[in-house]
Number of protein chains: 2
Amino acid sequence: MEKVTIQQVARAAGVSASTVSNLLNDRSERMLPATRDRITEAITQLGYRPNRAARELRTGRTRTVGLIVPSVGNPFWGAFARELEHAALAEGYNVLLCNSERDPVRERRYVEELWDDGVREIVLCTSLPSLNHLAHIVEQGLRLVTFDRPTQADDPSTVVSISINNVVGGHLAASHLTSLGHRNLTFVSGSLRSVNRTGRYQGFCSAVEAAGLAVADMTLWAGADEAPFGDVEAADVGRRAAHEIFAAGNPPTGVVAINDMTALGVCRGLRDLGLQVGRDVSVVGFDDIILADLYDPPLTTVRQPIGQMAQLAIAEIVSHHGLADGEPGRSVLLRPELIVRGSTAAPPVD
Amino acid sequence: MEKVTIQQVARAAGVSASTVSNLLNDRSERMLPATRDRITEAITQLGYRPNRAARELRTGRTRTVGLIVPSVGNPFWGAFARELEHAALAEGYNVLLCNSERDPVRERRYVEELWDDGVREIVLCTSLPSLNHLAHIVEQGLRLVTFDRPTQADDPSTVVSISINNVVGGHLAASHLTSLGHRNLTFVSGSLRSVNRTGRYQGFCSAVEAAGLAVADMTLWAGADEAPFGDVEAADVGRRAAHEIFAAGNPPTGVVAINDMTALGVCRGLRDLGLQVGRDVSVVGFDDIILADLYDPPLTTVRQPIGQMAQLAIAEIVSHHGLADGEPGRSVLLRPELIVRGSTAAPPVD
DNA sequence: TATGGTCAGTAAATCGTTACACCAGATTGT
DNA sequence: ACAATCTGGTGTAACGATTTACTGACCATA
């Protein structure tokens, strides 16, 4: 019972290894039904399972898609990883998960390592403005699907992107606040050197202007632009932001955060200061992680349909599996949805 | 630049493939420094990277450890996955992540698939009382490290377990409440058919008795024991529990939840009912996920040192890599720590 | 009766690495 | 001076699958 090879199956079924291989690769029309039965019988009898390493060495192909996220410690990425695995499994693919910790060097290392391991399709969750550090591999035929990062002008042409429309999302968040009567808003994020952040901020600004307010009067709290912060620390960013913003003069009545973790951090920071979210200050998040609904007060947020996005990503991969590269990549932009909950309300009258 | 093999490197360096292979496998003492330099030069020059499939086919070994968690959608498992990857990477291992969704069939399928892929070491996060469904593979030499599930009497003898002492944890949680003056407690979990749950409940009971109270007077809310619930739904379990418990007569003043997600659900449920956590009712969680500290009020909880546990798990794997099986497995039980925050207080006087 | 075409299946050549056995020349021990 | 040992390598056979090119046997057609 140690290890059973295709040869042993062949011997047991009284055929050659080639015939067993043919059966295994959907070429079963090329043999008598009786033979086919004998082989399948032998396979189950011996408990044979093809050796992936050998198969991959020979064919050069894998049924594995790589997934690179900033950090599964962040519930948003954890939830997305789960959805992607679900979608991939349905198509017979496996998912290999990697945490880049938002470090371009690690990101590149992972991509190269995956490539060397025979992985030819990767779902990359990055927010880097440029994909230059990966271009040399994409050119060799890697199918890259970026998630939460719309395609940029100078990306390799075969790159596919699945993302929500961040500008619309940012607009939804901010216009929700202005329509409630808020006139003094702040946008909180970490560094702005990422494409989805700039998109969301842009939407924020357009909503501010649409409400007849001056963007210049709003605050942009974009961190100290210091060390590239990890994802779990997103909450700390929000908390620190709240402390600084509300200690200063002329504090806002509404806050739009770059994502839910940061938003929760902001809420926590406000609570530290004795302010009540959903009454003294309104807070809008982004993503709609499970905890948004669980929080007290439940968080108003802009939802990303991760289940649907995961399916789209896998569909894109499946449809191109084994094809030569060269086809220009699509860019799918989904419309985000505003979920209104208890963390937002009309501003207090004073 | 398509694909560069060890042969090409050998030719470029003017040596045989064997010599290059020797260098690659830490047998570099067996050659002149000059030769070594020529080879390394050729490697970087050509951008050579060993083909994993070939290497694995030849050696039968992988530098990959499988990680099977209930669901990375749950922040606790996401955080643990991140820690494990960190620890594994430091030892030159990769982590292949799988979500079992608490389904024994999926669990088994994953283990078999990993085994077939050459993975010889797996960190399994399960709460099933029995490992029978995996015994046939463990016997073949799979190194299994269970996490958050202390070894059971009838487990295969080579299984190693890394876990906290759940009995102590349950005791810490309950005795914290009794020492605050609570006399009417409820233990909330999903189904109790899992080893860590029974352990925690046992600790809960011992603390109740130590406080001079009768276990019979306490409530055990263990779900409808219905469909095996997923992990994300842990929060829903808590919420539903709160609704039922506090709608009934003689509601408790203190709740111990099986984990933080459930605890957060309980808090949410209490809020639905207009009750204030940390004043009207005290709630203790388990795990200390990031969100515990972020919540309003911050959650009192029993911390699992996942970073340390991840390191121990990897250390266990590294020390046995490539060894023949047979050595009986250890069982490491760490002491959990109570983290007191705002969700617990003395019971209200009425 | 040649000729050609299916049918059902096989032999052998890979894929890129590693490991075992071996070897020539230099050095050492006695 | 002779064998023994060491140094710095090399040759070759696997590892387990896939795939291309082939081979008999059988049948139909002209």
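In what follows, chains carry the letters A, B, and so on, assigned in the order in which the sequence lines appear, proteins first and then strands, with residues in each chain numbered from 1. Just so it is clear, the values below take in all heavy atoms, side chains as well, and ignore hydrogens, waters and symmetry mates.
In this structure, a donor-acceptor pair under 3.5 Å is absent between the side chains of B/Glu85 and B/Asn94. Side-chain contact check for B/Glu112 and B/His136: at least one donor-acceptor pair (N or O, by modelled atom type) lies under 3.5 Å. Side chains of A/Glu107 and A/Thr126: a donor on one and an acceptor on the other come within 3.5 Å. Side-chain contact annotation: A/Ser127 with A/Arg102, donor-acceptor N/O pair under 3.5 Å present.
For the pair A/Thr5 and B/Val20, nearest-nucleotide mapping onto DNA chain D gives the more 5' position to B/Val20.
Looking at heavy-atom distances under 4.0 Å, B/Arg27 makes contact with sugar-phosphate atoms alone, never a base. At the heavy-atom level, A/Ser21 lies under 4.0 Å from base atoms of the strands shown. At the heavy-atom level, B/Ser18 lies under 4.0 Å from base atoms of the strands shown. When heavy atoms are screened at a 4.0 angstrom cut-off, B/Gln7 is found touching base atoms of the nucleic acid.
Contact check, A/Arg52 against D/dC15: no side-chain N or O comes under 4.0 Å of OP1 or OP2. Contact between the side-chain N/O atoms of B/Asn51 and the OP1/OP2 oxygens of C/dT17 is not found at any separation under 4.0 Å.
Rounded to whole Å, atom P of C/dT17 lies 18 Å from atom CZ of B/Arg63. For B/Arg55 and C/dC15, the CZ to P distance is 19 Å, given to the nearest whole Å. When the P atom of C/dG16 is taken as reference, atom OH of B/Tyr48 falls 10 Å away, rounded to whole Å. Rounded to whole Å, the distance from CG on B/Leu23 to P on C/dA19 is 14 Å. Distance A/Glu56 CD to C/dT14 C1': 16 Å, rounded to the nearest Å. Atom C1' of nucleotide C/dA11 and atom CD1 of A/Ile6 are separated by 14 Å, given to the nearest angstrom. Distance CG (B/Leu57) to C1' (D/dA14): 9 Å, rounded to an integer number of Å. In this structure, CG of A/Asp117 is placed 14 Å from C1' of C/dG16, rounded to the nearest angstrom.
Note on ring orientation: taking the six-membered ring where Trp is involved, the planes of B/Phe147 and B/Trp77 are perpendicular (angle over 60°, cut-offs 30° and 60°).
A salt bridge is absent between B/Arg55 and A/Asp117; no separation between the charged side-chain nitrogens and carboxylate oxygens falls under 4.0 Å. With respect to B/Arg82 and A/Glu101, a salt bridge is recorded, a charged nitrogen being found less than 4.0 Å from a carboxylate O. At a threshold of 4.0 Å, the pair A/Arg61-A/Glu56 does not count as salt-bridged, since none of the basic side-chain nitrogens sits closer than that to a carboxylate oxygen.
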All N/O contacts under 3.5 Å from nucleotides 7-9 of chain C to the protein, with atom names and distances to one decimal?
| unit_1 | atom_1 | unit_2 | atom_2 | d |
| --- | --- | --- | --- | --- |
| C/dG9 | OP1 | A/Thr35 | OG1 | 2.5 |
| C/dG9 | OP2 | A/Leu32 | N | 2.9 |
| C/dG9 | OP2 | A/Thr35 | OG1 | 3.4 |

N/O-N/O pairs, protein side and nucleotides 21-24 of chain C side, under 3.5 Å:
none

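Contact of the A/Ile314 side chain with the A/Val318 side chain is registered, since non-hydrogen atoms from C-beta on lie closer than 4.5 Å. Side chains of B/Cys125 and B/Pro70 form a contact here, defined as non-hydrogen atoms less than 4.5 Å apart.
For C/dT14, its base sits under 3.5 Å from the side chain of A/Arg58 at one donor and acceptor pair at least.
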